Protein chains: 2
Amino acid sequence: MDAALELIQGERSFSSISLREVAKVGGVVPAAFYRHFSGMEDLGLALVDDSFRTLHTMMREARSAPLPPSNLIANSVATFLKYSQDHRPHFEFIAKERYSGSSAVRLAIRREIRLWVSELAADLAPFPKLKSFNGDDLRMMAGLVVNTVIAATELILDVDTKDVAEVARIHRNAEKQIMLIFLGAAAWKSQSS
Amino acid sequence: MDAALELIQGERSFSSISLREVAKVGGVVPAAFYRHFSGMEDLGLALVDDSFRTLHTMMREARSAPLPPSNLIANSVATFLKYSQDHRPHFEFIAKERYSGSSAVRLAIRREIRLWVSELAADLAPFPKLKSFNGDDLRMMAGLVVNTVIAATELILDVDTKDVAEVARIHRNAEKQIMLIFLGAAAWKSQSS
DNA sequence: GAGTAAAGTCAACAAGTGTTCACTGAAAAA
DNA sequence: TTTTTCAGTGAACACTTGTTGACTTTACTC
């Protein structure tokens, strides 16, 4: 699995790497690959699991060490983007395979993202300003936030790590976008609460 | 180019199709491919151009036949999603290669999306409620809208065309998200106007 | 320490890969 | 009408691809 993630870094995408390449980087003969996975798709699904485990670990940590309510948005965005840079391979894999992988992998990712959205919606529900939201609308808003964060992540992953100025620009932009969303949420009225 | 788009439909992604496959579907011997493109990357860049030409055509049409101001958002979203379904191959190509293609293709797509964001920002500028926005913030907001629309498009492309209920769900969700964004925009204050 | 299960090796397979070369036929320009 | 350009052909090249079967080595259990 590490070998696959290593091959993904930079130019290549998972769908374009071969079983033999993975085996070679893993320091193993191609036939040995089959002792662990039934084929590349199987490996892909394992990587989806692994990557989202990383994400859920992050969210669990975030909940157990709550941020100060002041600048909560800015701090959350910063925490997330930092985390995605520290676990670059996993996030790069998700970003690349979200739309272009095999349908099995794609659907697995989509399912996990839906879960993530629900999780975030549940975290958001207690906020006073979001009292008037029904479940659907809460997920709608959470989906917007998740989309925004993912988009920013994907942009950052493509920037040279040394280019701190560009990273900061993307960072600030995402922060503003999420603030805009919360501003909109404060003015929102759900149809049926 | 049509052959490549055809091969992309469904499971495969551009990075995983071969020059020989494209040639075969195009009804031509592999060597003939080189009379038109220097290699697959060259073809990819040509497809980026072609796909965004489609998009700009849509936006030009939209401007020349303006929608009624009432339900403007709902109508715009509907127009866009309809268009993306009618020109499915182009939009599917962009969705798939946005994050997983070669860096040349990826950068070309990103450049075009930035252009699109600027274009939308310019279209948005005259709105009374957006008076207080400076250029950067206008692009920030336009970026949010574009992201949301793209995300919805990508979701729809993965749904069976027959499944109208699911398409409608995605559609309604995107509509709400964009309304939320505009609600937030109405309450936004730029730092320096 | 013997026996078993997991992980790895080697060799072979048919098929597919990008790219090149010298060549042919048709259309366009001179 | 001759010449030049353009698009397409067929064959060959050296490789890489996924997958298999029969063996060997390593690690763990009784």
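When reading the values below, keep in mind they use all heavy atoms of this one structure, side chains included, and skip hydrogens, waters and symmetry mates. The sequence lines fix the lettering, A, B, ..., with proteins before strands; numbering per chain opens at 1. Computed from a prediction, not measured in an experiment: that's the story for all the values here.
- With the nearest nucleotide of DNA chain D identified for both Arg35(A) and Ala31(A), Ala31(A) has the one nearer the 5' end.
- When heavy atoms are screened at a 4.0 angstrom cut-off, Val29(A) is found touching base atoms of the nucleic acid.
- A salt bridge is absent between Glu175(B) and Arg172(B); no separation between the charged side-chain nitrogens and carboxylate oxygens falls under 4.0 Å.
- Between the C1' atom of dG18(D) and the CG atom of Leu43(A) lies a distance of 14 Å, rounded to the nearest Å.
- Between dT19(D), dG18(D), dT9(C), one nucleotide has an atom nearer to the side chain of Ser18(A) than all others, and that is dG18(D).
- Taking the ring centroids of Phe14(B) and Phe93(B), they lie under the 6.0 Å cut-off.
- A straight line from CZ of Phe37(B) to P of dA7(D) spans 11 Å, rounded to a whole angstrom.
- Residue Tyr34(B) places at least one side-chain N or O closer than 4.0 Å to OP1 or OP2 of dT19(C).
- Looking at residues two or more places apart in sequence or on another chain, you find a ring pair (Phe, Tyr, Trp, His ring centres under 6.0 Å) between Phe80(B) and Phe91(B), Trp116(B).
- Rounded to whole Å, atom P of dG16(C) lies 18 Å from atom CG of Leu19(A).
- As a whole-Å value, the separation of Lys24(B) NZ from dT9(D) P is 14 Å.
- At whole-Å resolution of the value, CG in Leu7(B) and P in dT17(C) are 11 Å apart.
- One interatomic measurement links the two molecules: CD1 of Ile17(B) to C1' of dT17(C), which rounds to 14 Å at whole-angstrom precision.
- Rounding to whole angstrom units, CZ of residue Arg20(A) and P of dC10(C) are separated by 13 Å.
- Taking atom CD of residue Glu41(B) and atom P of nucleotide dG18(C), one finds them 14 Å apart after rounding to whole Å.
- Distances shorter than 4.0 Å separate none of the side-chain N or O atoms of His36(B) from OP1 or OP2 on dC6(D).
- Looking at Arg110(A) and Asp158(B), a side-chain N of the basic residue comes within less than 4.0 Å of a carboxylate O on the acidic one, giving a salt bridge.
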